[in-house]
Novice: 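Have a look at the structure that comes next, please.
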Amino acid sequence: DGGITQSPKYLFRKEGQNVTLSCEQNLNHDAMYWYRQDPGQGLRLIYYSQIVNDFQKGDIAEGYSVSREKKESFPLTVTSAQKNPTAFYLCASSIGNGLNTEAFFGQGTRLTVV
Amino acid sequence: DQQVKQNSPSLSVQEGRISILNCDYTNSMFDYFLWYKKYPAEGPTFLISISSIKDKNEDGRFTVFLNKSAKHLSLHIVPSQPGDSAVYFCAVREYGNKLVFGAGTILRVKS
């Protein structure tokens with residue numbers, strides 16, 4: 001079945017450590033996105049990529065890094081520079097290219113700093 | 001400054017009645033609008049969308065209305081069912097294919 005897979009579902013990190021969240025899609029989508037959701041807030045865009053080997057900062061990119069070496073994969077690294085990393089992280093993908101299509105989301109990763 | 005605003009944090013509706021969720025946006029250049037539904041600890045799922053060339057789009061119990069002059073869109077669910085209880089996000093497509101989301105509205109459908 002086609003879809004987006006995020007792993008792991010739950011992740012615990014010690015303060016000062018970097019951690020990488022995985023996002024894989026087999027929908028052959030060009031565009032991929034990372035969002036963050038905090039309690040009582042909407043989805044805020046961290047980074048997005050419209051094509052392989054290219055990505056742009058979203059609204060809250062500080063303390064995060066991404067790579068897009070393959071079309072199917074868009075991993076997000078939460079670095080020690082991120083002041084408040086505990087949140088629910090969502091990856092999404094869409095066909096892109098300006099077409100009127102929706103984005104499909106993964107099931108999310110809940111990151112907790114301990 | 002928020003580009004997409006959902007001013008009602010929550011809405012409670014009786015089963016069988018209509019649910020109306022509202023969303024306002026700031027930029028008249030936005031050309032594609034979407035509604036998503038989200039359950040706790042899950043990713044959002046797409047519900048319905050509308051292009052700026054239309055003012056209404058219907059899919060079963062869900063209808064989205066777009067008022068471009070007011071920069072306002074709304075989602076109507078009729079009849080509302082208990083399974084509709086979730087958080088609803090509106091989103092707009094911005095330049096560069098970015099999707100910008102509102103803060104969400106919690107819908108509770110009481111049986």
Side-chain angles (χ1 to χ4, degrees), chain A residues 3-11 21 23 25 27 29-51 54-61 87-112, chain B residues 1-10 21-27 29-54 57 59 62 64 66 75 86-106:
Chain A
I4 301 182
T5 302
Q6 288 186 243
S7 60
K9 191 169 177 64
Y10 299 97
L11 189 57
L21 283 60
C23 179
Q25 54 99 358
L27 300 166
H29 284 171
D30 287 310
M32 296 187 75
Y33 314 80
W34 275 105
Y35 289 88
R36 166 181 172 144
Q37 185 188 20
D38 294 283
Q41 295 197 35
L43 309 181
R44 293 184 291 168
L45 183 65
I46 305 172
Y47 267 98
Y48 66 108
S49 167
Q50 297 190 73
I51 198 167
D54 185 45
F55 48 83
Q56 289 80 40
K57 292 182 180 180
D59 301 316
I60 54 166
F88 189 53
Y89 289 87
L90 287 158
C91 179
S93 72
S94 68
I95 290 177
N97 296 323
L99 296 174
N100 285 346
T101 59
E102 68 270 26
F104 294 86
F105 282 82
Q107 290 299 294
T109 293
R110 180 160 300 282
L111 173 64
T112 304
Chain B
D1 192 25
Q2 279 186 292
Q3 298 184 79
V4 182
K5 294 181 183 178
Q6 293 179 255
N7 291 318
S8 298
S10 64
L21 297 108
N22 294 303
C23 180
D24 296 296
Y25 59 94
T26 57
N27 191 336
M29 297 300 290
F30 292 147
D31 63 354
Y32 189 56
F33 308 86
L34 309 92
W35 283 95
Y36 282 83
K37 174 181 178 180
K38 184 182 181 299
Y39 294 116
E42 293 185 9
T45 54
F46 170 74
L47 265 181
I48 192 168
S49 63
I50 188 166
S51 165
S52 59
I53 62 173
K54 293 185 174 183
N57 189 26
D59 184 1
F62 302 92
V64 55
L66 177 62
L75 174 69
V87 180
Y88 289 79
F89 291 99
C90 73
V92 302
R93 188 180 67 186
E94 201 185 55
Y95 174 78
N97 223 39
K98 288 168 55 178
L99 279 184
V100 179
F101 286 81
T105 297
I106 300 170

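Letters A, B, ... are given to chains in the order of the sequence lines, protein chains preceding strands, and every chain is numbered from 1.
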Novice: Below 4.5 Å from any heavy atom of chain B, which atoms of Leu43(A) appear? Answer side chain, backbone, both or neither.
Specialist: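 The answer is both parts of Leu43(A).
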Novice: Counting only heavy atoms closer than 4.5 Å, note whether Gln37(A) contacts chain B via side chain, backbone, both or neither.
Specialist: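 Gln37(A) touches chain B through side-chain heavy atoms alone.
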Novice: At what distance, to the nearest 0.5 angstrom, does CD of Gln107(A) lie from OH of Tyr39(B)?
Specialist: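 Nearest 0.5 Å value for the CD-OH distance: 12.0 Å.
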Novice: Is the backbone of Leu99(B) close enough, under 3.5 Å, to the side chain of Tyr48(A) for a donor and an acceptor to pair up by distance?
Specialist: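 Looks like no, no N/O pair under 3.5 Å.
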Novice: Within a 6.0 Å radius of atom NZ on Lys9(A), are there more than 12 heavy atoms belonging to other residues, nucleotides or ligands?
Specialist: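 Correct, the count exceeds 12.
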Novice: Can you see which heavy atom on Glu102(A) is nearest to which on Phe46(B), and at what distance?
Specialist: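 Smallest interatomic distance, heavy atoms only, reads CB-CD1, 3.3 Å.
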Novice: Tell me which of these, Gly104(B), Pro9(B), Ala41(B), has more heavy-atom pairs under 4.5 Å with chain A than the rest.
Specialist: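 Top count of heavy-atom pairs under 4.5 Å with chain A: Ala41(B).
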Novice: Rounded at 0.5 Å granularity, tell me how far CG in Asp59(A) sits from CD in Gln3(B).
Specialist: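 Rounded to the nearest 0.5 Å, the CG-CD separation comes out at 7.5 Å.
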Novice: Please report the C-alpha distance between Lys38(B) and Leu90(A) in whole Å, then the side-chain angles of each, then the deciding distance to 0.1 Å, and finally whether the side chain to side chain contact (heavy atoms under 4.5 Å, CB included) criterion is met.
Specialist: CA-CA 12 Å; Lys38(B) 184 182 181 299; Leu90(A) 287 158; 4.2 Å; yes
Novice: Nearest 0.5 Å, what's the NZ-OH distance between Lys98(B) and Tyr33(A)?
Specialist: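 With rounding to 0.5 Å, NZ (Lys98(B)) is 10.5 Å from OH (Tyr33(A)).
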